[in-house]
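Because the structure is predicted, anything quoted here is derived from the model rather than measured. In the text below, chain A, chain B and the rest are named by the order of the sequence lines, each starting its count at 1.
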2 protein chains.
Amino acid sequence: MTVAITRFQAKISGYSGDGPGLENCPVRTVIDHIGGKWSTLILLALSEKPYRFGELRRLVPDISQRMLTQTLRDLERDGYALRTVFPTKPPSVEYRLTELGQSLFAALCGLLDWAEANYLAVKEARRSFDERNA
Amino acid sequence: MTVAITRFQAKISGYSGDGPGLENCPVRTVIDHIGGKWSTLILLALSEKPYRFGELRRLVPDISQRMLTQTLRDLERDGYALRTVFPTKPPSVEYRLTELGQSLFAALCGLLDWAEANYLAVKEARRSFDERNA
DNA sequence: CGGGATCCGCCGCGATACTG
DNA sequence: CAGTATCGCGGCGGATCCCG
């Protein structure tokens, strides 16, 4: 009975092979960081082609410049995005996905497609639930 | 030039066809809610088989009982999970995925597998980035 | 056993102002 | 143009106590 659990234990609780265990959980390591409010949106934008800072701002109208900066930094830190500064005047900075970022996006695509196909059902489920618990 | 953007505009900025637009964005509607700290973990656990409240607590050792309750409520509200109460003494409550939840999980699998395969590379990228910016 | 109620710290995120 | 600095709020999430 606990045998069935074991198959997923590693993904859920982490690998206790070396160290504390919980912070070695693959799911947490990756998902926790792309679970932010803007990460997937920026990833989606950059999947198409490299963009400059200002272009990304216009692409995502309601992101603050502070959060765009921070999101891009996080993506860069995790190895998903590459930041290139062109020393022009005024300076221009280009962001593009790395190989790792592209492969992450490929894995993310299934979820994004699902979201597009099913978000109406989700919204309806929410509405229905809220109505039942009025 | 802006033509290239248009292809993704809907997914990023939402469908402005009817209403304000931004809250009609499929990505935001779905991803924002499963981006929580525990949602994917519980989804992963329930994908294997139905579980009871206490079993889930043991499966995810470091979740508080408050957050487990709330996460399960959210999953139920979005139509991903089904809550069944058995009026035994003491009562037992079972959680299982709905069809919608199972299909979401199927779409999520690609990402989970990617996380398992690449989380070491991500951790290394982080370490390297932090070192460069010391 | 499976919660609900309450209190509270942390931090994600936004708004605004300033800079090279 | 592409950021940095500072301030402040709301809400996520943890700890604790109580209940049927």
Side-chain angles (χ1 to χ4, degrees), chain A residues 1 12 20 22-23 25 27-28 31-43 45-46 50-78 81-96 129 133, chain B residues 1 13 20 22-23 25 27-28 31-43 45-46 50-78 81-96 129 133:
Chain A
M1 178 186 182
I12 296 175
L22 285 175
E23 60 266 22
C25 170
V27 178
R28 303 186 191 209
I31 311 284
D32 281 3
H33 280 71
I34 62 168
K37 192 174 180 181
W38 307 106
S39 305
T40 57
L41 252 14
I42 302 299
L43 226 34
L46 291 180
Y51 278 112
R52 292 177 47 191
F53 190 88
E55 295 175 323
L56 287 172
R57 261 194 106 167
R58 282 186 291 278
L59 257 185
V60 188
D62 56 342
I63 194 175
S64 69
Q65 144 259 51
R66 172 185 172 10
M67 285 317 296
L68 180 54
T69 300
Q70 184 175 310
T71 302
L72 287 168
R73 281 288 179 282
D74 291 344
L75 294 180
E76 191 191 357
R77 185 172 108 99
D78 282 11
L82 199 63
R83 186 183 116 110
T84 312
V85 182
F86 297 100
T88 57
K89 265 198 323 194
S92 86
V93 181
E94 181 198 83
Y95 294 90
R96 68 169 66 238
F129 181 91
N133 300 58
Chain B
M1 178 187 181
S13 308
L22 285 174
E23 59 266 22
C25 171
V27 178
R28 304 186 190 210
I31 311 285
D32 281 2
H33 280 70
I34 63 168
K37 193 175 180 180
W38 306 107
S39 305
T40 57
L41 252 15
I42 301 300
L43 225 35
L46 291 181
Y51 278 113
R52 292 178 47 192
F53 190 87
E55 295 176 323
L56 287 172
R57 260 195 106 167
R58 282 186 292 278
L59 258 184
V60 188
D62 56 342
I63 194 175
S64 68
Q65 152 255 49
R66 178 197 192 310
M67 285 318 294
L68 180 53
T69 301
Q70 184 174 309
T71 301
L72 287 168
R73 282 288 178 283
D74 290 345
L75 293 180
E76 191 192 357
R77 185 173 107 99
D78 282 12
L82 200 63
R83 186 182 117 111
T84 314
V85 182
F86 297 100
T88 56
K89 268 198 320 194
S92 87
V93 181
E94 181 198 84
Y95 294 90
R96 68 167 65 240
F129 181 91
N133 300 59

L59(A) CG to dA2(D) P, in whole Å, measures 13 Å

Side-chain contact check for R73(B): nearest option of dA15(C), dA17(C), dG4(C) is dG4(C)

Whole-Å distance, L56(B) CG to dC1(C) C1', equals 13 Å

I want to check one thing: is the phosphate of dC1(C), taken as OP1 and OP2, less than 4.0 Å away from some side-chain N or O of R57(B)?
no

The nucleotide from dG3(C), dC13(C), dG3(D) with an atom nearest the side chain of W38(A) is dC13(C)

It should be established whether Y95(B) places a side-chain nitrogen or oxygen under 4.0 Å from OP1 or OP2 of nucleotide dG3(C).
yes

query: What is the nucleic acid contact for K89(A), judged by heavy atoms within less than 4.0 Å: base, sugar-phosphate only, or nothing?
result: nothing

Taking every heavy atom of T88(A) against every heavy atom of P90(A), the minimum-distance pair comes out as OG1-O, 2.9 Å

Picking from dG20(C), dG14(D), dG2(C), the nucleotide nearest the side-chain atoms of S64(B) would be dG14(D)

Among the nucleotides dG3(D), dG2(C), dG14(D), whichever has the atom closest to the side chain of R83(A) is dG3(D)

*Are any of the side-chain heavy atoms of T40(B) and V27(A) separated by less than 4.5 Å?*
yes

message = Applying a 4.0 Å non-hydrogen cut-off, can you work out what F86(A) is touching in the nucleic acid: base, sugar-phosphate, or nothing?
response = nothing

Which of I63(A), L41(A), L72(A) passes side chain to side chain contact (heavy atoms under 4.5 Å, CB included) with L56(A)? Answer is L72(A)

request  = Answer yes or no: does a side-chain N or O of R52(A) lie under 4.0 Å from OP1 or OP2 of dC1(D)?
outcome  = no

5'-most contact on DNA chain C (nearest-nucleotide basis), P91(B) vs G36(A), goes to P91(B)

dist D62(B):CG -> M67(B):CE (nearest 0.5 Å) comes out at 12.0 Å

R58(A) atom CZ is separated from dC1(D) atom C1', nearest whole Å, by 10 Å

Side-chain contact check for R66(B): nearest option of dT4(D), dA2(D), dG14(D) is dG14(D)

To the nearest angstrom, the CG-P distance between L72(A) and dC13(C) comes to 14 Å

Heavy-atom closest pair (R52(A) atom, P91(A) atom, distance to 0.1 Å) is NH2-O, 4.5 Å

Of P90(A) and Q65(A), the one whose nearest nucleotide on DNA chain C sits closer to the 5' end is Q65(A)

